[in-house]
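A short write-up of the structure that comes next.
Scope of the values below: all heavy atoms of this structure, side chains included, with no hydrogens, waters or symmetry mates. Chain letters run A, B, ... following the sequence lines, proteins first, then strands; residues in each count from 1. The structure presented is a predicted model; accordingly, all values stated were derived computationally and were not measured.
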Protein chains: 2
Amino acid sequence: MKIPLRQHHRSIEFRGACPMSVYDYLEFKHLKSIVAIAEEGTITAAATRIALAQSALSRQINELEDALHIQIFERDRGGMTITPAGESLLRFARELLQTRIDVVKAVQAIHQATMRPFRLGFTPFIEHQVISTVCDAYRDLFPKGSIHPENGDTEGVIKRLRAAELDAALVTLPVLPDGYCIQPVMHEPLVVCIRKDDPFAAQSELPAESLNGRLAIFSDPRHHPRAHERLLEMLEGQGIKPKISNPTFNSEHVQWMVRERLCIALIRQSEPLHEDLTTRPIEGVNWTIDSAIAYREEHDQEALPLLLRDLEKRFSVAEPRPHKKPPQRATERQEQQRLSFGGQNNKSS
Amino acid sequence: MKIPLRQHHRSIEFRGACPMSVYDYLEFKHLKSIVAIAEEGTITAAATRIALAQSALSRQINELEDALHIQIFERDRGGMTITPAGESLLRFARELLQTRIDVVKAVQAIHQATMRPFRLGFTPFIEHQVISTVCDAYRDLFPKGSIHPENGDTEGVIKRLRAAELDAALVTLPVLPDGYCIQPVMHEPLVVCIRKDDPFAAQSELPAESLNGRLAIFSDPRHHPRAHERLLEMLEGQGIKPKISNPTFNSEHVQWMVRERLCIALIRQSEPLHEDLTTRPIEGVNWTIDSAIAYREEHDQEALPLLLRDLEKRFSVAEPRPHKKPPQRATERQEQQRLSFGGQNNKSS
DNA sequence: GGCCGTCCATCGCAATAAAGTATTGGACTC
DNA sequence: GAGTCCAATACTTTATTGCGATGGACGGCC
């Protein structure tokens, strides 16, 4: 059991401000070895997998454990089994190794073509704040890169994404996750916009029936057919027949129509309101608009993995929405079966 | 310019499933070197700092650049300046090196004492969902670790945190950030709870005057003196004189009093309501309750850095709140000058 | 119980990779 | 034109890794 304390002939440790900490014993190659051993179960098998001699691998791990004072594996007969400490280490090993790959790819891209500009599509339904957060993240990660946001309607954006004319796109769900992946970035409640002097304004939540025949839908089927359909489905599910009206994006038009008592309207909770108007949730449902970033799995944009990784940090995942939902990891929950509806499913545990 | 392509004597590359990718050339030591060179400006200085010979460092970087086909530095007279590609790499180098330290520390701790249990304080003001998200994160990172949530009033929790009897604490702001650090986890709007048949329920927002003399405050100065003070300040700032009442935590008591027309009350937007009650925001202000996790800067809990890192991902930072706020990084914005008030300062850019 | 196979640890030795020392050469300064 | 600073290179030394072989521990099998 020799201690592999690096013994440079002449005094090291004193020179500069860098006393060679113990952490330096851990290198990426060790992480690779750990993953291999954990997955193969024996040093012998792991050694062949990572093209190393069995003896070398055995030494490597023993010395690492020794230097770090960690026992990573338990030596049973018949192989190595990972310890609790090793289990946590393994988790990070995988993460770090993947990050290394992503970083190298991205940096190579920056160098080679001074990196291809990141083409980010977005639809009119995406809040400006979301777009700028994404752009900020990108510029923060790649100061010399460039990001080109381009807008378009949902179908067009998705089509261009699929055709690799975009590297990623900010869209609102639902979209068919066909040929691309989705990572959610924000959820925003849908509420009903009514006049303050509307009789129903006295209530904190509007019963679904009260909307029947009054609620106008302004979403344009051409701009986001799936969301439009989904919305109609959801309304139908609550027994609400929407009023027919001409599609528009213009929030002021919508509010004007409500003010003129021509209808009431579904809008986002965060939308700034005219002073005569107010909003109310619909009783018993918890509809939200979900924004997500979509990207091709087989992307050729080297900046993408790191951008996604960073966005995960920047955007909400735990929803501080009225009534608690079970906290979930972003990667598991995304799905386009919500325009969204939350409705009854609060408090599943 | 020899190519340092690792030439194992006998054919490697074919053995297992691990064809030795180019990414393997990048090791943590390279990241250290890159950071050192970038900070020192010359190879010579960097070499002494990281206890390496100048020649070794020069070669190391040259071979790395060569293997990865990246130019990281520009060789000027008088030193090395970093390239755009290097700039991005540098960013990740720092991040990864820090993560390595955090990981090793945490894993060491797991091994040594099978890891000291994580003592997480929380106050009655913290939503259960927040606590369980934190606990989930911990257990996810350290499957064999244990986390002990303990509740207490704010002052007690802070005191025990400072006395190192707790490793971290979930508290609501404001707290004096004295001797410890704070990372926000959630913001939740405060709204006024009123009866549905209250005349003011017809309005979507309540003017501040309408609360005068009617709004009862149930927060207990003993449980969170600073928040209590702050709340009174905020009310005073709006010209609201609160009604005196006995402190209570029990939300049902509060709602019962509102139902009995004894008062109206400030509550969290997400609180489940009795069917006779509703909530309204106060006009012109945007008060929120901010939950944060507090911890000593000189912690001895090795799990803490990785937990904080993970929580950053799990919790909202971009606030999908009514009216956009500028997106900010979590670490910069925390401060206890909000109980919080948002009020006029929306849309600062 | 004895035999065999598997697997990990260890050792000696050889080959390679990495770091050290010393030197060179360019560029800039005075 | 000598001095200085710096990176790069030549050459030497050290450290790491590979290879092959051995031993111990365990379990299965006859």
**Study point:** Residues that A164(A) engages under side-chain contact (heavy atoms from CB on, under 4.5 Å), provided they are two or more places apart
**Key:**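 Listed in chain order: R296(A).
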Check your understanding: With E65(B), which residues qualify under side-chain contact (heavy atoms from CB on, under 4.5 Å), at least two apart?
Key ->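 E65(B) satisfies side-chain contact (heavy atoms from CB on, under 4.5 Å) with I61(B), N62(B), Q71(B), I72(B), F73(B), R75(B) once adjacent residues are dropped.
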Nearest-Å distance for atom pair [atom1]/[atom2], residues [X] and [N]:
X	N	atom1	atom2	value
L57(B)	dT9(D)	CG	C1'	15 Å
D66(B)	dA7(D)	CG	P	18 Å
I50(A)	dT17(D)	CD1	P	11 Å
E27(A)	dA15(D)	CD	P	17 Å
I61(B)	dC6(D)	CD1	C1'	15 Å
L52(A)	dA17(C)	CG	P	13 Å
Q60(B)	dT9(D)	CD	C1'	17 Å
E74(B)	dC6(D)	CD	P	18 Å

Grab the N/O contacts between the protein and nucleotides 3-8 of chain C below 3.5 Å, and write none if there aren't any.
{"residue": "dC8(C)", "atom": "OP1", "partner": "I43(A)", "partner atom": "N", "Å": "2.6"}
{"residue": "dC8(C)", "atom": "OP2", "partner": "I43(A)", "partner atom": "N", "Å": "3.4"}
{"residue": "dC8(C)", "atom": "OP2", "partner": "T44(A)", "partner atom": "N", "Å": "3.1"}
{"residue": "dC8(C)", "atom": "OP2", "partner": "T44(A)", "partner atom": "OG1", "Å": "2.6"}

Check your understanding: Among all residues two or more places apart in sequence or in another chain, which pass the salt bridge (Lys or Arg N to Asp or Glu O under 4.0 Å) test with R160(B)?
Key ->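 Scan of R160(B) (salt bridge (Lys or Arg N to Asp or Glu O under 4.0 Å), adjacent residues dropped) gives E150(B), E165(B).
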Check your understanding: Counting only distance, no hydrogens or angles, is the base of dA19(C) paired donor-acceptor with the side chain of R59(B) under 3.5 Å?
Key ->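 Side chain to base: pair present.
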Practice item. Could you list the residues that satisfy ring pair (Phe, Tyr, Trp, His ring centres under 6.0 Å) with F118(A), not counting sequence neighbours? Key: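 F118(A) satisfies ring pair (Phe, Tyr, Trp, His ring centres under 6.0 Å) with Y138(A) only.
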Review point. Ring pair (Phe, Tyr, Trp, His ring centres under 6.0 Å) with F28(B): which residues, sequence neighbours excluded?
Key: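 If we apply the ring pair (Phe, Tyr, Trp, His ring centres under 6.0 Å) test to F28(B), skipping adjacent residues, the hits are F28(A).
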Review point. If you check the K29(A) side chain, which of dT17(D), dA10(D), dC19(D) turns out closest?
Key: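 Taking heavy atoms from C-beta onward, the closest nucleotide is dT17(D).
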Review point. Below 4.0 angstrom, N of the basic side chain to O of the carboxylate: do K32(B) and E27(B) qualify?
Key: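 Here K32(B) does not pair with E27(B) in a salt bridge, since their nearest N and O are not under 4.0 Å apart.
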